Amino acid sequence: MLLRSGTAFGGLLLGGCDRLSRSPTFEGILASADSLTYRVQRLLVGNALAREFTPAELSPVFRSNGTDDPDTDEYNALRENGFVDWRLMIGGLVARPLALSLAQLRALPQRTQITRHDCVEGWSAIGKWSGVPLGTVLDLAQPSPAARFIVLYCADELEEGDGGYYESIDLIDAYHPQTLLAYALNDKPLAVGNGAPLRLRVERQLGYKHAKYLMRVEAVADLKVIGRGKGGYWEDRGYAWYAGI
Ligand SMILES: Nc1nc2c(c(=O)[nH]1)N[C@H]1C(S)=C(S)[C@@H](COP(=O)(O)O)O[C@H]1N2
Ligand SMILES: [Mo]
C-alpha cells in the first residue's frame, strides 16, 4: 500500500513542495533512497502528532544506547560543576545568536510528553520527556529566510577523531510541537546515560535522530558542507537521513 501510494502521490507532493525543495541538499535527499519514506510519511502523516502514552505505560527502565558518557575533559568539567557553566550555543543563519544556560532554558515555556522511542537496533522504551520546544528557542534566535535545516552538535565522539556525533532535521520537524530540547526524563534531570544536560526529542523519527549531549545548534542552508555531508553521524555511515516512523 505504501509503495503504491508513494508511486501514485509522490509526484503530486513534489509538485506542491515548499521552499525546502529549492535547497540543493534537499533535492539530493529527494533523489536518494530516503525519498519514498520522506514523501510517503509526509503525505500520510502530515504534521500530525506522534502517539502519546499514559503514565501507566512508562517503561520501568529507559536504557542508554550509543554513547553513555562522553567522558571528554570538557564534558567532565561541565558535569562536575552540575552543568552551571554549560551553554547551548545557537548560531549559523540566525539574526540573534544566543548562548543559553540550563536555567534560562528551564525558564522558557515547557512541554511534557510521554512517547515511545524506537531504536533501529530493535528495542523501544516509553519515557516522559520535559523540555522547551525547539521552535520556541528558534523564535528567539530568528532563523534567516535562507535557513533550511537545523544541525545539532553533541559533546561526544563514538570513536576518537570521528568529529563528534551530530544530527540534522528540516524546519518542519524543528517547529513540530513535540520536537523538544529535553532536560528531564521521567521527572528527573536528564541522566548522563540519556544525554545530560540536554538532548533532542524528535518524536516522529527513529532513535539515532535524537541527539544527546547537545552543545550547539546551527541553522544552515545546506548539509553538504557539514561532517561527511549526509546530515548526521550515522547518516555519514550509511543510515537514512529521514528516519520517519
Ligand atoms: N550524542 C549522541 N546522541 C545519540 C547517540 C549517541 O551515541 N551520541 N545515540 C543515538 C541512538 S542510536 C539512540 S537509540 C538514542 C539512545 O538514547 P538513550 O541513550 O537515551 O536510550 O540516542 C541517540 N542519540
Ligand atoms: Mo538507536
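As the structure is a prediction and not an experimental result, all values here were calculated from the model. Just follow the structure's listing: the first ligand is 1, and inside any ligand the first atom is 1.
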Heavy-atom side-chain proximity of Leu134 to Leu180 below 4.5 angstrom: no
Ligand 1 contact by Trp234, heavy-atom criterion under 4.0 angstrom: no
Under-4.0 Å heavy-atom contact with ligand 1, by part of Cys154 that carries it: side chain
Aromatic contact, Tyr213 with Tyr165 (centres under 6.0 Å): no
Protein residue, atom and distance nearest to atom 23 (C) of ligand 1, heavy-atom basis: Gly207 O, 3.3 Å
Glu167 near ligand 1 by a heavy-atom separation under 4.0 Å: no
No-hydrogen, no-angle side-chain donor-acceptor test under 3.5 Å, Asp118 and Ser124: yes
Phe62 neighbourhood, listing ligand 1 atoms whose heavy-atom distance to it stays under 4.0 Å: 20 (O), 21 (O)
Nearest neighbour in protein (non-hydrogen) for atom 7 (O) of ligand 1: Thr67 N, 2.9 Å
Ser59 (side chain) donor-acceptor with Phe62 (main chain) under 3.5 angstrom: no
Minimum-distance protein heavy atom relative to atom 22 (O) of ligand 1: Arg199 NH2, 3.4 Å
Phe83 and Tyr75: CA distance, side-chain angles, deciding distance, ring pair (Phe, Tyr, Trp, His ring centres under 6.0 Å) verdict: CA-CA 9 Å; Phe83 298 106; Tyr75 184 84; 5.6 Å; yes
Per-atom contacts of ligand 1 with Leu158, taking only distances under 4.0 Å to non-hydrogen atoms: 7 (O)
Nearest non-hydrogen protein atom, atom 24 (N) of ligand 1: His210 O, 3.0 Å
Protein heavy atom at shortest distance from atom 21 (O) of ligand 1: Arg63 O, 2.6 Å
Whether Gly193 lies under 4.0 Å from ligand 1, heavy atom: yes
Shortest reach to atom 9 (N) of ligand 1 by a heavy atom, considering only Tyr208, Tyr165, Trp129, Trp123: Tyr165
Residues in side-chain hydrogen bond (donor to acceptor under 3.5 Å, both in side chains) contact with Tyr166, at least two apart in sequence or another chain: Asp236
Asn81 side chain vs Val84 backbone, donor-acceptor pair below 3.5 Å: no
Minimum-distance protein heavy atom relative to atom 8 (N) of ligand 1: Asp156 OD2, 2.8 Å
Per-residue contact class, Val120 against ligand 1 - non-hydrogen pairs under 4.0 Å: neither
Contacting atoms of ligand 1, where contact means under 4.0 angstrom from a heavy atom of Gly66: 7 (O)
Atom indices of ligand 1, in the order listed, that fall short of 4.0 Å to a heavy atom of Asn65: 9 (N), 12 (S), 14 (S), 16 (C), 18 (P), 19 (O), 21 (O)
Polar side chain donor-acceptor pair, Tyr242 to Gln205, under 3.5 angstrom: no
Glu80 (side chain) donor-acceptor with Ala77 (main chain) under 3.5 angstrom: no
Heavy atom of the protein closest to atom 3 (N) of ligand 1 (residue, atom name, distance): Lys212 N, 2.9 Å
Ligand 1 N/O within reach of Asn194 N/O, cut-off under 3.5 Å: yes
Identity and separation of the nearest protein heavy atom to atom 14 (S) of ligand 1: His117 NE2, 3.2 Å
Aromatic centroids of Trp129 and Tyr183 separated by under 6.0 Å: no
